[in-house]
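Within every chain, numbering begins at 1; the chains are lettered A, B, ... in the order of the sequence lines, protein sequences first and strands thereafter. Hydrogens, waters and symmetry mates are skipped; everything else that's a heavy atom, side chains included, is used.
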Amino acid sequence: MAVEDHERGREAFASEEEYRLHALRHSTAHIMAEAIGVVFPGARFAIGPATKDGFFYDVDVPRSITPEDLARIEEEMKRVVKRNSPFEKKVVTRDEAVALFGAAGQDFKVERISLLDEAAEISIYDHGGFVDLCRGPHTPRTGNCKHFKLLKISGAYLYGDSANKQLQRVYGTVWPTKEALDQYLFRLEEAKKRDHRRLGTQLGLFMFHDYAPGAAFWLPKGEDLYHTLSEAMRTLLKDEGYVPVRTPMVFDKALWETSGHWAHYQENMYHFAEGHHHEGASDEEDDSRILGLKPMNCPSHMLIFGSQRRSYRELPLRIHDQGVLHRNEVRGALGGLTRVRQFCQDDAHIFCTHEQIQSEVADLLNLVRRVYECFGLGFQAKLSTRPQDHLGSVALWDQAEESLEAALKQAGLEYKVNVGDGAFYGPKIDFDVLDALGRDWQCATIQLDFQIPQRFELRYIGADNAEHAPVVIHRAIFGSFERFIGILIEHYAGAFPLWLSPEHVRVMTVSEKSLSHGLAVTAALKAAGVKVTFNNNDDKIGKKIREGIGDKVPYMAIIGEQELESGGVAVRSRDHGELGALSVEDLITRLRAEARVPFSA
RNA sequence: GCCGAGAUAGCUCAGUCGGUAGAGCAACUGAUUCGUAAUCAGUAGGUCGCAGGUUCGAUUCCUGUUCUCGGCACCA
């Protein structure tokens, strides 16, 4: 009986291992709940699921839980594990469950029972007297949950709704063996080392300042990297039939009213009165118009499309724009380069006919995949479908979702479907990439939009000589340069491939005797278009190499008396170690080949 | 925006149970001219995030505030 219980639900998991980990983690969440109840008598419990690497429990206790409390909770948990009680499942009636949790003062549980489906089986799990509402599965005994650690405490809204009370969420991790736990904790430490915020400072790529929260300062090396990516994308998109444009940053409020941003996005926009402030005039008296800083490029592109009569022969028209965008994100949302207030997208809008949607999207999917593969970046494609709150007919939505799905299948991409997660104006396909700490971030996006062409009353003349509304596809491959560079820094741990690297070669002298040759080599490399720097400090060569390694420079060219003699360089590669003596010409040839943008034609 | 934690030299961090601070690296000066992961010696560097309060005295305690971090919520 007990064994059967623990088998239950196994088919819902991809593998035996996944099933066991899930049961282990969820069971440890129960154990933690019991422990929290001991440390904080009267604690009320909401939900406590297993997560990707561990578990959490949302609880309501009278005061803030501190790191010291975590230690106490861990102590209690150890006691429960040692007790090695079995997890016992019991099926109860709705009334029994309500009575049980009601008597215990667990009103979140009572509330949850009332939300359960009429027909649903209500089960409770009991381990050594601690009972929780739960559908399982669990590990056989508390003794199985030995290798855990509580990690962090945070606030979390009841049922994830900010209208609800905020509870405290305690996160932990648990593994089948001590080795697996230690390995996980080690991985966390390692991940911190490749955090782009840390590497950005260390490598001198960018900085932030209190005076401009959420806006990066790109330092010379970071600017170089940014510019390389920006140019690479411009070139790629030109090859793909896009036309680049440059558009204003500040617009009359009327534009935002037309686009719908004023109604739907105003709180995220920076806006201000145009007028110069006159002595004695109050803000209210100022009758100057209101201007808004653009949070997106689409309205500009609608104006461009609408500025002339368009023929079906011009479609698909693909407009690319790397304009600077500002969004007034709430303070708590900001973080490093992954969530900023000022950024730039590799943005484009494709104006096309309904018939062209599928092939355009299929091309885009292939393009995204091609670009990401060049970086060796893993991604997860997501199809987001019609939300509750949407504009346009259901038939139109169904058709659009079908074409996106058909394109995904045509491209042979694996994807998951997020039902109801589409934008109010159309369904979309997003590409999520993981950061060093395992958090996923949306980068590439392909969004169909049937609404905005209507709002701007856009028309083209079809082959039938009649007017038609074009479809607009909003799309970005990197997403924002800021976020994408953040992801790349972590992906490469700062050791960029040559084509992205702001410093290709560092020339370094062994001693002052070889200064003249060092200068000559540096000049020759520079003349050949190589990004080169020269280190002629009177440090020992070992020290200079050590610094070069720390700075993750792809190549070091060592110049000593031998090289002075031969006229060549001794090359050390970051990725392949010592390459030995090379002529300057051979080095340049090698660098040129490696500096090619991998996704250019 | 919400819950919690934090802010000390350019960077990483220590410290002061209230008596205005210290290390390593970096910088600068001098010596050294050296062959693939740290040459030696010296010098300089800080309104201890900002503003108030308590106190004889605050970087330390209290309040507010800005920013950062971990989550939550948000994320056309």
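- For Lys382(A), the side chain to side chain donor-acceptor pair (under 3.5 Å) partners at least two apart in sequence or on another chain are Asp432(A).
- Within the nucleic acid shown, Gly580(A) has no heavy atom closer than 4.0 Å to any nucleic acid atom.
- The nearest whole Å value for the distance from the NZ atom in Lys152(A) to the P atom in G70(B) is 8 Å.
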**Request:** Quick one: do Tyr425(A) and Gln447(A) satisfy side chain to side chain donor-acceptor pair (under 3.5 Å)? Show the steps, please.
**Result:** CA-CA 9 Å; Tyr425(A) 52 73; Gln447(A) 310 185 354; 2.5 Å; yes
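- Using bins of under 30°, 30° to 60° and over 60° for the plane-to-plane angle, the ring pair Tyr372(A)/Phe484(A) lands in the tilted bin.
- Residue-level contact check: Tyr171(A) touches the backbone only, with heavy atoms under 4.0 Å from sugar-phosphate atoms and none from bases.
- In this structure, Arg197(A) reaches the sugar-phosphate backbone alone: every heavy-atom distance under 4.0 Å involves primed, P, OP1 or OP2 atoms, never a base.
- Straight-line distance from the NE2 atom of His517(A) to the C1' atom of G35(B): 14 Å, rounded to whole Å.
- Applying the salt bridge (Lys or Arg N to Asp or Glu O under 4.0 Å) rule to Arg574(A) yields no partners; only residues at least two apart in sequence or on another chain are considered.
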Shorter than 3.5 Å, N or O on both sides, protein versus nucleotides 1-5 of chain B: list them out with atom names.
| residue | atom | partner | partner atom | Å |
| --- | --- | --- | --- | --- |
| G1(B) | OP1 | Arg331(A) | NH2 | 3.0 |
| G1(B) | OP2 | Arg331(A) | NE | 2.8 |
| G1(B) | OP2 | Arg331(A) | NH2 | 3.3 |
| G1(B) | N7 | Gly332(A) | N | 3.4 |
| G1(B) | N2 | Tyr157(A) | OH | 2.6 |
| C2(B) | O4' | Tyr157(A) | OH | 3.4 |
| C2(B) | O2' | Gln166(A) | OE1 | 2.0 |
| C2(B) | O2 | Gln166(A) | NE2 | 3.0 |
| C3(B) | O4' | Gln166(A) | OE1 | 2.6 |
| C3(B) | O2 | Gly155(A) | N | 3.2 |
| G4(B) | OP1 | Ser64(A) | OG | 2.9 |

Throw together a table of side-chain donor-acceptor distances under 3.5 angstrom for residues 198-223 of chain A, partners on residues two or more places apart or in other chains.
| residue | atom | partner | partner atom | Å |
| --- | --- | --- | --- | --- |
| Thr201(A) | OG1 | Arg197(A) | O | 3.1 |
| His209(A) | ND1 | Tyr211(A) | N | 3.0 |

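- For the segment residues 253-269 of chain A, the set of residues with a heavy atom within less than 4.0 Å of an atom of RNA chain B comprises Gly260(A), His261(A), His264(A), in numerical order.
- Judged as a salt bridge (Lys or Arg N to Asp or Glu O under 4.0 Å), and not counting sequence neighbours, Lys152(A) has no contacts.
- Atom-to-atom, CZ of Arg546(A) to C1' of G35(B) comes out at 17 Å; the value is rounded to the nearest Å.
- Separating the P atom of U12(B) from that of G18(B) is a span of 28 Å, rounded to the nearest Å.
- Atom CG of Leu391(A) is separated from atom P of A76(B) by 14 Å (rounded to the nearest Å).
- Lys540(A) comes within 4.0 angstrom of a nucleotide base, judged by non-hydrogen atoms across all strands.
- In this structure, Asp347(A) does not pair ionically with Arg475(A), as no charged nitrogen and carboxylate oxygen lie closer than 4.0 Å.
- With respect to the salt-bridge test (charged N to carboxylate O, under 4.0 angstrom), the residues Asp58(A) and Arg44(A) do not qualify.
- The phosphate of C74(B) has neither OP1 nor OP2 within less than 4.0 Å of any side-chain N or O from Arg339(A).
- Among residues two or more places apart in sequence or in another chain, the side chain to side chain donor-acceptor pair (under 3.5 Å) test is passed with Tyr171(A) by Arg169(A).
- The Ala423(A) side chain lies nearest to A76(B) when the options are U36(B), G71(B), A76(B).
- Following rounding to the nearest Å, Asp539(A) (CG) and A31(B) (C1') show an atom-to-atom distance of 13 Å.
- Residue whose closest nucleotide on RNA chain B sits further toward the 5' end, between Ser511(A) and Ile545(A): Ser511(A).
- Checking Lys193(A), Arg187(A), Arg194(A) one by one against Glu190(A), the salt bridge (Lys or Arg N to Asp or Glu O under 4.0 Å) holds for a single residue, Lys193(A).
- With respect to the salt-bridge test (charged N to carboxylate O, under 4.0 angstrom), the residues Lys253(A) and Glu257(A) qualify.
- Between G35(B), C75(B), C72(B), one nucleotide has an atom nearer to the side chain of Ala570(A) than all others, and that is G35(B).
- The P atoms of G64(B) and C11(B) are separated by 28 Å, rounded to the nearest whole Å.
- Atom pair Arg439(A):CZ and C72(B):C1' shows a separation of 13 Å (rounding to whole Å applied).
- When heavy atoms are screened at a 4.0 angstrom cut-off, Arg572(A) is found touching base atoms of the nucleic acid.
- Listed nucleotides: U68(B), U33(B), A76(B). Nearest to the side chain of Leu334(A): U68(B).
- For Arg506(A), the salt bridge (Lys or Arg N to Asp or Glu O under 4.0 Å) partners at least two apart in sequence or on another chain are Glu503(A), Asp551(A).
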**Complete:** Symbol by symbol from the 5' end, with Watson-Crick or G-U pairs under 3.5 Å, [ ] crossing and | another strand, RNA chain B is (((((((..((((.....[..)))).(((((.......))))).....(((((..]....))))))))))))....
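- Between Lys544(A) and U36(B) there is no side-chain N or O to OP1 or OP2 distance below 4.0 Å.
- Counting heavy atoms from C-beta on, the side chains of Tyr57(A) and Val170(A) never come closer than 4.5 Å.
- Rounded to an integer number of Å, the gap from NE2 of His349(A) to P of A76(B) is 14 Å.
- Contact check of residues 547-566 of chain A against RNA chain B (heavy atom, cut-off under 4.0 Å) returns Ile549(A), Ile558(A), Gly560(A), Glu561(A), Gln562(A), Glu563(A).
- In this structure, Arg318(A) pairs ionically with Glu360(A), as a charged nitrogen and a carboxylate oxygen lie closer than 4.0 Å.
- Rounding to the nearest 0.5 Å gives a distance of 12.5 Å between CD of Glu563(A) and OG of Ser583(A).
- In this view, Lys540(A) satisfies the side chain to side chain contact (heavy atoms under 4.5 Å, CB included) rule with no residue, not counting sequence neighbours.
- In this structure, His320(A) and Tyr242(A) have perpendicular ring planes: the angle between them is above 60°, well past the 30° mark.
- Note: NZ (Lys543(A)) to P (G24(B)) measures 14 Å, nearest angstrom.
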Please tabulate the protein-to-nucleotide N/O contacts below 3.5 Å involving nucleotides 7-13 of chain B, giving atom names and distances.
none

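- Taking the side chain as every heavy atom from C-beta outward, Tyr157(A) and Leu167(A) never approach each other to under 4.5 Å.
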